[in-house]
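Heads up, the thing below is written out as C-alpha cells.
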Amino acid sequence: MVQRITRALVPTIKETPAEATNASHIMLLRAGFIRQLGAGIYNFLPLGLRVLRKIEAIVREEMNRSGALEVLMPALLPADYFKETGRWDLYGDTLFRLKDRKGGDYHLGPTHEEIITDMVRREVRSYRQLPLNHYQVQTKFRDEARPRSGILRCREFTMKDAYSFDVDEAAAVKSYETMREAYRRIFTRAGLTFRIVQADSGAIGGKTSAEFQILADSGEDAIVACDNCDYAANVEAAEVGDGPESIDPRGTLFSIEEVHTPGKGGITAVAEFLGVGASQFIKSLLYTTPKKELVMVCLRGNHEVNEVKLAAALGVAEVHLAAEADVVKATGAKVGYAGPIGFKGRVVIDSSATRVSNGVTGANKTDYHLKGVNFGRDFQAEKVDVRAASAGDRCPRCATGHFKAYKGIEGGHIFILGTHYSSKMRAVFLDEKGEEKPMVMGCYGIGVSRLVASAVEQHSDADGIRWPLAIAPYHVHLCTLGNDAAINTAAETLCQSLEARGIEVLWDDRDERPGVKFKDADLIGIPYRVTIGAKTIAQNACELKARTQRDSKAFELISLADAPERIAQAVHAAVRVEV
RNA sequence: CGGGGCGUAGCGCAGCCUGGUAGCGCACCUGGUUCGGGACCAGGGGGUCGGAGGUUCAAAUCCUCUCGCCCCGACCA
C-alpha cells in the first residue's frame, strides 16, 4: 500500500507549538500526527491514527492469543449500573454526566466494570460457564481535573479494557498471570522499555495489582526498582527494607531529658542545634482521616510519609496532613514540637522508627524537645509500614539490593478485583456442590492512545521521532528529489514491488527541495528512508537509510533491481521482535 | 479546586504601560531564478485584536464581567 504525501493531510510544522512542553506532545504536533480540539481532546490525523491502529492490532493479537475474546460495550451509559455499585457518587466530577430528553441520568463510560458485570450476570449461572475473559478497545471519557501533556492525559482516550470472571481466587490468579504475560508481550512488541511494578490497588479492588510503567523522565509516576533482583514498585505501594541504621542493636538507653530548643521548629534546625543527625529523630506528624480522627504518625527524622500506605494502614480512603490549628489544639504546642509522649490520641509508628535508640522527639510544649526517648520503654504505638521508599533504600525482597529511582508513564494496570463488583451486583453462579458463589473478577487496562505518546517519549531525538518498526505509521518513507520523469517512473515501479512484498510506503511526491523533504522525513520518523534523485537514478540505484542512523551520509546505495528485496529484508528483520 | 500565565492572520510573536483606525517572521497565492539537509528576488491575498458590556469624540490598548487554553500544585479505580 503506497500513500502519496500530496494526497494526505500531513501538516508538519517547523516551529515548536507554544502549548507543548514535553517531547511527545511537541513531536506529535510538529510531525502532523495529532491536533488539539479542546483541553484534553485531540484529533488523530492520518499518520497518528495509523500508529494507534498498529498498537491496537498488537493488543488484539496478544489478547486473542491469551484466550480473551473481544466485545464492545457502549460509551453512553445509563446511570443505573454505576448507581448500583455506588460509583455514580464516588466518581465525582471525573464522570461526564448528561441527561436524556426525558431527564434520565446518563454518563459517558470512564471504565466498564459494572457494565461487563451486568453482561455476565445476566447469562452465567454455572461454574461450567467459567472462566471468561472479555475485552474491548474503546473510547473512554474522564473529566480529568487537569488534562495535560498532549495525548498522555486526555479527557477522551482509547483504552483496551479486559475483565476476567473466575470461580475462585486461585483461578483468578491464573487469569491474572495470563494477562500479565500478554501485557509483557504487548509492551515488548510495541518497542517500549518498561518495568512491571507493584502498585497500589486503591480503595476499590483487591490486594493484587501491577502497573506496566513505561520508563521516561517525563513520567508522572515515581517508581523504585531493586538494582539486584526484579522487585520494582510504584513509590505509592513500595515496601521498604530495613536500612542499616535500623538493624543496629540498641546500646545503652539513657533517661529522658527535656531540652530547650527556642524557635527551632524543624528537624534540620533542631538537629543542627543539638548536634545530632536527622535519623536520630522520631518525628511526629498529625494526620486527619475522613472521619475527622486525628492520628499521630511517628517515623525517623530522615524519612518521609507515604500517604497512600498510611491510609491503607489506617484502613481509611485517604488522609490529609492536619491543619495548623488542629495540631496546636491537640498538642498544646506550636507546630514543630509534637511528640508521642503524653499525646492523647491514636499513635502509629513506622517500624524503622521503633529502633531509634535515645531519640529526639517534640515535647508537646512550644520551644522544647525531649532527648533519650526510646520506643517501648517511653511510649507505645501501633507498628505500621508507612514510610515512603526512595533511592538508596534497601530492597525488601533480596538481601543485597538497593533501590534506584525511575520515572514512569502508566501504560497498563492489571488487578485482581476479587468479588467487589460481583457481590454488589449479584454476579453469582452455582458451583459443583450447588452452592451459590460470587464470581472472582480481574480487570486489565491499557491506555492505547497513551502508548502512542509514550513511544515517542522513548524514541525521539532532536530531529524528530524514531518509531519502532512495529508501530510506525509506514515502514518506508520514499523521497523523490526533483520532478524528473525517470525518477517518478522508478519510484512508481519500486512502490509496486514493495507493496507486493507487504511493505507500507509513504511517498513524499511533493515538489519540494531536498532539504525540506529530509527534514520532514526525520520529523515524521518512519524507520527507513529511501531516496531516489538525479544522482542515484544515473546509477540506476536508490539510497536506503535507517532513521536511527544519525549521520546523514550513512546510507546504503542499492541498485533499483535489488532494492525491493533488500528493503523488504531490512523491514522484515526489524519487525520481528523477540517476546 | 488553589496559584501563575496567555488569547492580535494558519503557526510563532510585537503593538497595550502612555487610547488616534494593526505590524513582523514563517506558511499561503502569482512570476522568475534555484534544487542532496527547512533557498532567493519581485508582486499579492488573508485579521469582527476570544466574547459581552462600559468609559471616551475615538478602544487591540482603560474598566467590569465572561469564555477558552497552557503551566505548577491538589486530584487522577
Side-chain angles (χ1 to χ4, degrees), chain A residues 9 11-22 25-26 29-30 32 35-42 82 85-87 90-95 109-114 140-150 152-155 157 159 161 163 199-206 209 211 220-221 236 307-308 317-318 320-321 410 413-418 420-421 441-445 447 450 462-464 479-484 487 508 510-523 529 531-538 542-543 545 550-555 557:
Chain A
L9 198 55
T12 57
I13 42 186
K14 283 199 267 191
E15 288 168 294
T16 299
E19 73 270 20
T21 52
N22 62 340
H25 194 191
I26 293 170
L29 285 170
R30 285 195 54 210
R35 286 292 184 264
Q36 183 175 27
L37 204 58
I41 308 174
Y42 285 82
F82 268 49
T85 59
R87 284 213 285 187
L90 280 175
Y91 233 96
D93 290 337
T94 305
L95 201 60
T111 176
H112 282 69
E113 283 80 6
E114 284 86 346
K140 295 286 189 276
F141 298 87
R142 296 182 188 178
D143 194 359
E144 295 282 354
R146 185 152 91 81
R148 68 191 101 160
S149 307
L152 276 175
R153 182 164 222 88
C154 279
R155 296 198 291 173
F157 59 97
M159 185 178 185
D161 45 327
Y163 306 90
D200 174 53
S201 309
I204 298 173
S209 113
E211 289 169 346
E220 294 182 336
D221 292 331
E236 288 179 351
E307 296 185 357
V308 174
E318 55 180 3
H320 290 286
L321 212 48
E410 185 185 344
H413 201 159
I414 56 177
F415 288 84
I416 293 182
L417 289 171
H420 181 86
Y421 292 93
M441 293 173 58
C443 72
Y444 317 93
R450 178 180 277 183
D463 296 321
C479 290
T480 44
L481 308 183
N483 217 352
D484 182 81
I487 291 173
D508 189 346
R510 294 175 299 175
D511 185 16
E512 288 285 357
R513 296 162 59 87
V516 173
K517 294 195 175 194
F518 292 150
K519 287 286 185 188
D520 275 348
D522 286 348
L523 186 59
R529 190 184 81 197
T531 307
I532 305 177
K535 285 184 195 170
T536 70
I537 202 82
C542 63
E543 291 163 10
K545 178 182 171 296
R550 294 299 305 266
D551 183 359
S552 63
K553 300 276 186 319
F555 54 75
L557 191 69

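Proteins get letters first, then strands, A, B, ... in listed order; numbering begins at 1 in each.
- Residues A/H112 and A/K140 are in side-chain contact: their nearest non-hydrogen atoms beyond the backbone lie under 4.5 Å apart.
- When the nearest nucleotides of RNA chain B are assigned to A/G482 and A/D221 by heavy-atom distance, the more 5′-ward of the two goes with A/G482.
- Of the side-chain N and O atoms in A/R146, one or more sit less than 4.0 angstrom from OP1 or OP2 of B/rC71.
- Within the cation-pi definition used here (under 6.0 Å to the ring centroid, within 45° of the axis), A/R450 does not qualify as a partner of A/F157.
- B/rG12 and B/rA27 are spaced 15 Å apart, taking the P atom of each and rounding to whole Å.
- Comparing the C1' positions of B/rU55 and B/rC62 gives an interatomic distance of 8 Å, to the nearest angstrom.
- Note: NZ (A/K14) to C1' (B/rG38) measures 5 Å, nearest angstrom.
- We find that CD of A/Q36 is positioned 16 Å from P of B/rG7, with the value rounded to whole Å.
- Residue-level contact check: A/T536 touches the bases, meaning some heavy atom is under 4.0 Å from a base atom.
- Separation of the P atoms belonging to B/rG47 and B/rC24 is 15 Å when rounded to the nearest angstrom.
- At the heavy-atom level, A/S552 lies under 4.0 Å from base atoms of the strands shown.
- Nucleotides B/rG46 and B/rC29, compared at atom P, are 16 Å apart to the nearest Å.
- Residue contacts shown for A/D520 include a base, since a base heavy atom lies under 4.0 Å away.
- Take the nearest nucleotide of RNA chain B for A/E113 and for A/R30: the residue whose nucleotide is more 5' is A/R30.
- Out of B/rA74, B/rC70, B/rC35, the shortest distance to the side chain of A/A145 is found at B/rA74.
- Look at CG on A/D511: it is 12 Å from P on B/rC28, rounded to the nearest Å.
- Ranking B/rA27, B/rC13, B/rC35 by closeness to the A/A18 side chain, first place goes to B/rC13.
- B/rA77 atom C1' lies 15 Å from atom OH of A/Y444, rounded to whole Å.
- Checked against B/rC69, B/rG37, B/rC11, the side chain of A/R155 finds its nearest nucleotide in B/rC69.
- The A/V516 side chain lies nearest to B/rA39 when the options are B/rC75, B/rA39, B/rC69.
- Using a 4.0 Å heavy-atom distance criterion, A/K535 is classed as a base contact.
- On a pure distance criterion of 3.5 Å, a polar donor-acceptor pair joins the side chain of A/E543 and the base of B/rG36.
- Summarising the base pairing, B/rA52 is matched to B/rU64 through a Watson-Crick or G-U wobble pair whose two defining distances lie under 3.5 Å.
- Among the heavy atoms of the strands lying under 4.0 Å from A/M159 is at least one base atom, whether or not backbone atoms are also near.
- One P atom belongs to B/rG45, the other to B/rG23, and the distance between them is 12 Å to the nearest Å.
- Taking the C1' atom of each, B/rG5 and B/rC13 are spaced 16 Å apart, rounded to whole Å.
- Looking at A/D161 and A/E113, their side chains never come closer than 4.5 Å, going by heavy atoms from C-beta outward.
- Protein atom CG of A/D93 is 9 Å distant from nucleotide atom C1' of B/rC1, rounded to whole Å.
- The residue A/E19 sits close only to the backbone: its heavy atoms come under 4.0 Å of sugar-phosphate atoms, none of a base.
- Atoms CZ (A/R148) and P (B/rG5) sit 20 Å apart, rounded to a whole Å.
- In this structure, A/N483 places its CG atom 17 Å from P of B/rU34, rounding to the nearest Å.
- Between A/H25 and A/Y42, the ring-plane angle classifies as perpendicular under the 30° and 60° cut-offs.
- Each of B/rG25, B/rG36, B/rC71 was ranked by its minimum atom distance to the side chain of A/L481; first place goes to B/rG36.
- Atom CZ of A/R510 and atom P of B/rC35 are 19 Å apart (whole Å).
- Distances from the side chain of A/F415 to the nucleotides B/rC11, B/rC75, B/rA77 place B/rA77 closest.
- Shown here is A/D93, whose CG atom has no more than 12 heavy atoms of other residues, nucleotides or ligands within 6.0 Å.
- Residue A/E512 is out of contact with every strand shown, counting any heavy-atom pair closer than 4.0 Å.
- When heavy atoms are screened at a 4.0 angstrom cut-off, A/R529 is found touching base atoms of the nucleic acid.
- Remark: the backbone N or O of A/A39 is paired with a side-chain donor or acceptor of A/R155 at under 3.5 angstrom.
- Remark: A/R510 engages A/D508 in a salt bridge, criterion side-chain N to carboxylate O under 4.0 Å.
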